> 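Once you've had a glance at the structure underneath, I'll fire off some questions.
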Amino acid sequence: MTTDQDLPMDVQSATALFTAKGIDVTPNKDQGVIKIVKRAGHAGDQPMIGDRVTVHYTGRLLNGKKFDCTQDCREPFSFNVYKGQVLKAWDVGVLSMERGEVSIFLCAPEYAYGVTGNPNKIPPNSAVVFEIELLNFEGEILTNDRGILRRIKVKGDGFSNPNEGANVHVTVHLKGTCRDRLFDCRDVNFVVGEAEDKDVPFGVDRAMDKMQKGECCLLYLKPKYAFGCKGKPEFEIGPEDDVVYEVTLKDFQRAKEYWEMDLKEKLELAAKVKCKGNQYFKAGWHFQAVIQYQRIISWLEMECGAGLEEQKRIQDFLLTSHLNLALCYLRMKEFSHAVENCNKVIELDEHNEKALYRRGEARLHRNEFSLAMTDFQQVLHRNPSNRAARAQITACQDKIKEHHEQDKRTYANMFQKFADRDAKV
């Protein structure tokens, strides 16, 4: 780190020193952030807008007084670049760095702590110096399972994003690569939430609501969000292949939000969306089907019809959507979500045969054998001729018996070990 003696005592001499030895890294070249490289990083390996970066840093006033340092607590600091999480100087400075680089930045007040400063640390309207080491960075994680990572090459304009049902016009340009081989390059028009209709991967569709007009980004997709377990033979992509898409969004039209629609519009649209969800389910695209059914629920779960007919239509849509969601989640092996949606149906119709059966299936997969058997018994009570439920009850009984036998063996071994130990003593 720069020593106290290395630092000038006033802004003018500091600016002169950094201007002579460093470079202005601000976009408009106003000398708000001037950088001197102490140790070069890996050439060409730089973060992009939105990346999650990890750094070590030390902050000092121009008189050399240290006011902050990650080395003191031995923990590096992480943030997303250009997401408004840190000082403007940091966003500008880190974006100019390479992996492994160590640099010193002179930061003007308007890029640092401004006219107010920071009580007890930074005097008002103060320039500061940061030494930053860029340890690592990765793309912005868009899903909890890290299945979609985004890296922004060109930042978009404004604050509006495409929403579910929005029309994305032909000005979306896609370039898909797999193992550095270009397999897809085209302009395409699709509806957000229905991109599969145009052979656009689910992961690209899911990233749309994060993009802004004019943005160009790289999307790194795991197989689950690309072409799944089937792959894409026509593109020579296998079932376990990751893919990368470069996506440029130049224009779109937002769909109406639910609060902008009246009940008549919601009911009309719900019928179309239900058909689309059923189409996706039959094709085996369960993630896409889930999105459609969830849209219906988000529109109608707080609605109350003006008459009995409207109320019945709303309830029918909600029942069907929750039942279909439960079936999708069973196929996706997300059994807790399946149980949750069955519970929603049973709240509306406590004797619903499909909901009881599907909840029993989900509970059986969760090893909740007694609860599952209770559900199947209720199904038989409603419909004594339901052979599937009868077979599942037998399966539950076998599982319970097997579980008890396993417990007996476990405890028998445990007690034998205790007896052997006592005998030795």
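Computed from a predicted model, the values in this text were never measured in an experiment.
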> Any chance the rings of Phe79 and Trp90 have centres within less than 6.0 Å?
yes
> What pair of heavy atoms forms the shortest contact from Leu87 to Ala112, and how long is it?
CD2-O, 3.2 Å
> Hey, is Asp197 close enough to Lys276 for a salt bridge, meaning N to O under 4.0 Å?
yes
> Considering all heavy atoms of both residues, which atom of Leu323 and which atom of Arg358 are nearest to each other, and what is their separation?
O-NH1, 2.9 Å
> Check this for me, if you would: do Lys222 and Asp145 make a salt bridge, where the nitrogen-to-carboxylate-oxygen distance has to be below 4.0 angstrom?
no
> Taking the six-membered ring of Tyr111 as reference, does the cationic atom of Lys88 (NZ for Lys, CZ for Arg) lie under 6.0 Å from its centre and within 45° of its axis?
yes
> Quick one: does Asp51's side chain have a donor or acceptor within less than 3.5 Å of a partner on Val53's backbone?
no
> Would you call Lys210-Glu215 a salt bridge at under 4.0 Å N-O?
no
> Just to verify, which of Arg39, Lys38, Lys35, Lys66 counts as forming a salt bridge (Lys or Arg N to Asp or Glu O under 4.0 Å) with Glu131?
Lys38
> Return yes if some donor-acceptor pair links the side-chain N/O of Asn352 with the main-chain N/O of Val345 below 3.5 Å, else return no.
no
> Decide yes or no for Cys107 and Val92: does some side-chain heavy atom of the first lie under 4.5 Å from some side-chain heavy atom of the second?
no
> Within the 3.5 Å criterion, strictly below it, is a donor on Asn80 or Glu140 matched to an acceptor on the partner's side chain?
no
> Answer yes or no: is there a donor N or O on one side and an acceptor on the other, between the side chain of Asn118 and the main chain of Lys121, under 3.5 Å?
no
> Quick one: which of Ile314, Leu318, Val273 gives a side chain to side chain contact (heavy atoms under 4.5 Å, CB included) with Trp299?
Val273
> Decide whether Asp242 and Tyr225 meet the rule of one side-chain donor and one side-chain acceptor closer than 3.5 Å.
no
> Let me confirm one number: the CG-OG distance from Asp316 to Ser321, rounded to the nearest 0.5 Å.
10.5 Å
> With the side chain counted from C-beta on, respond yes when Leu134 and Pro47 share a heavy-atom pair under 4.5 Å apart, and no when they do not.
yes
> Where the side chain of Asn136 meets the backbone of Thr54, is there a donor-acceptor pair that is under 3.5 Å apart?
no
> Decide if the gap between the ring center of Tyr329 and the ring center of Phe335 is smaller than 6.0 angstrom.
no
> Answer yes or no: is there a donor N or O on one side and an acceptor on the other, between the side chain of Arg366 and the main chain of Val339, under 3.5 Å?
no
> Any carboxylate oxygen within less than 4.0 angstrom of a Lys/Arg side-chain nitrogen, looking at Glu138 and Arg52?
no
> Would you please indicate yes or no on a ring centroid separation below 6.0 angstrom for Phe183 and Tyr245?
yes
> Donor-acceptor check, side chain of Gln46 to backbone of Ser96, threshold 3.5 angstrom: yes or no?
yes
> Check this for me, if you would: do Glu246 and Lys153 make a salt bridge, where the nitrogen-to-carboxylate-oxygen distance has to be below 4.0 angstrom?
yes
> I'd like to know if the side chain of Tyr57 pairs up with that of Asp68 as donor and acceptor (distance under 3.5 Å, no hydrogens or angles considered).
yes
> Considering non-hydrogen atoms only, spot the tightest contact between Pro223 and Asp241 and give its length.
CG-O, 3.6 Å
> Flag this pair as yes if the NZ/CZ of Lys65 is under 6.0 angstrom from the six-membered ring centre of Phe67 and inside a 45 degree cone about the axis; otherwise no.
no
> Ring centroids only, cut at 6.0 angstrom: are Phe281 and His286 within range, meaning strictly under it?
yes
